[in-house]
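A quick note: this is a predicted structure, and the numbers were derived from the prediction, not measured.
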Amino acid sequence: MLYPRIHHAKAIDDTTLVIEFTNQEVKKYDVRHLLDTPMFSPLRQPAFFKDFKVEQGGYGIVWNEEIDLSEYELWKNGVSLMESEDKASDRIQQS
């Protein structure tokens, strides 16, 4: 299966990315679960975390030669903004 590539990405806080894919779907991806891994520990620094580039062709996000995330990881484990909005509205309606 082919996964959509990254069209655009931005950091919305010190650990969360919002990624727009080539199929126009938008997902949020929080890196907190990666920060205990030594390879990803530099992402704890907010300035470093926010200084990334979308790899040419949209195949990933790159911070440096050692730290990157693939479009597959971001697509598969990101949370659709539509899903998170739907869940929030469901919780409000159940209250």
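In this structure, Ile19 CD1 and Ile6 CD1 are separated by 6.5 Å, a value rounded to the nearest 0.5 Å. If you take CD on Gln56 and CZ on Arg5, they are separated by 11.0 Å, rounding to the nearest 0.5 Å. Atom NE2 of His7 is separated from atom CD of Glu20 by 5.0 Å, given to the nearest 0.5 angstrom. Between the OH atom in Tyr3 and the CD atom in Glu71 there is a gap of 9.5 Å [rounded to 0.5 Å].
Counting heavy atoms from C-beta on, the side chains of Leu17 and Ile12 never come closer than 4.5 Å. Looking only at side-chain heavy atoms (C-beta outward), Ile61 and Leu74 come within less than 4.5 Å of each other. Under the 4.5 Å side-chain criterion, counting only non-hydrogen atoms from C-beta, Glu25 is not in contact with Pro4. When side chains are defined from C-beta on, Leu34 counts as touching Tyr29, because their heavy atoms get closer than 4.5 Å.
Lys27 contributes a side-chain N or O that, together with a main-chain N or O of Trp75, makes up a donor-acceptor pair within less than 3.5 Å. Remark: the backbone N or O of Phe40 is not paired with any side-chain donor or acceptor of Thr37 at under 3.5 angstrom.
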Practice problem: For the pair Leu69 and Val62, evaluate side-chain contact (heavy atoms from CB on, under 4.5 Å) and give the outcome as yes or no after the intermediate values. | Solution: CA-CA 7 Å; Leu69 292 170; Val62 179; over 6 Å; no

Quiz prompt | Chi angles and distances behind the side-chain contact (heavy atoms from CB on, under 4.5 Å) call for Val26, Phe21 | solution = CA-CA 6 Å; Val26 179; Phe21 291 90; over 6 Å; no

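Minimum heavy-atom separation, Asp13 to Thr16: OD1-N, 2.7 Å. Closest approach of Phe48 and Pro42 over heavy atoms only: CD2-O, 3.4 Å. Nearest heavy atoms, Ser41 versus Pro38: OG-O, 2.9 Å. Nearest approach of Val54 to Gly58, heavy atoms of both residues: CG1-CA, 4.0 Å.
Evaluated for a salt bridge (charged side-chain N to carboxylate O under 4.0 Å, His left out) with Asp14, the options Lys50, Arg44, Arg32 yield exactly one hit, Lys50.
Between Phe52 and Phe49, the ring planes are tilted. Angles from 30° to 60° get that label.
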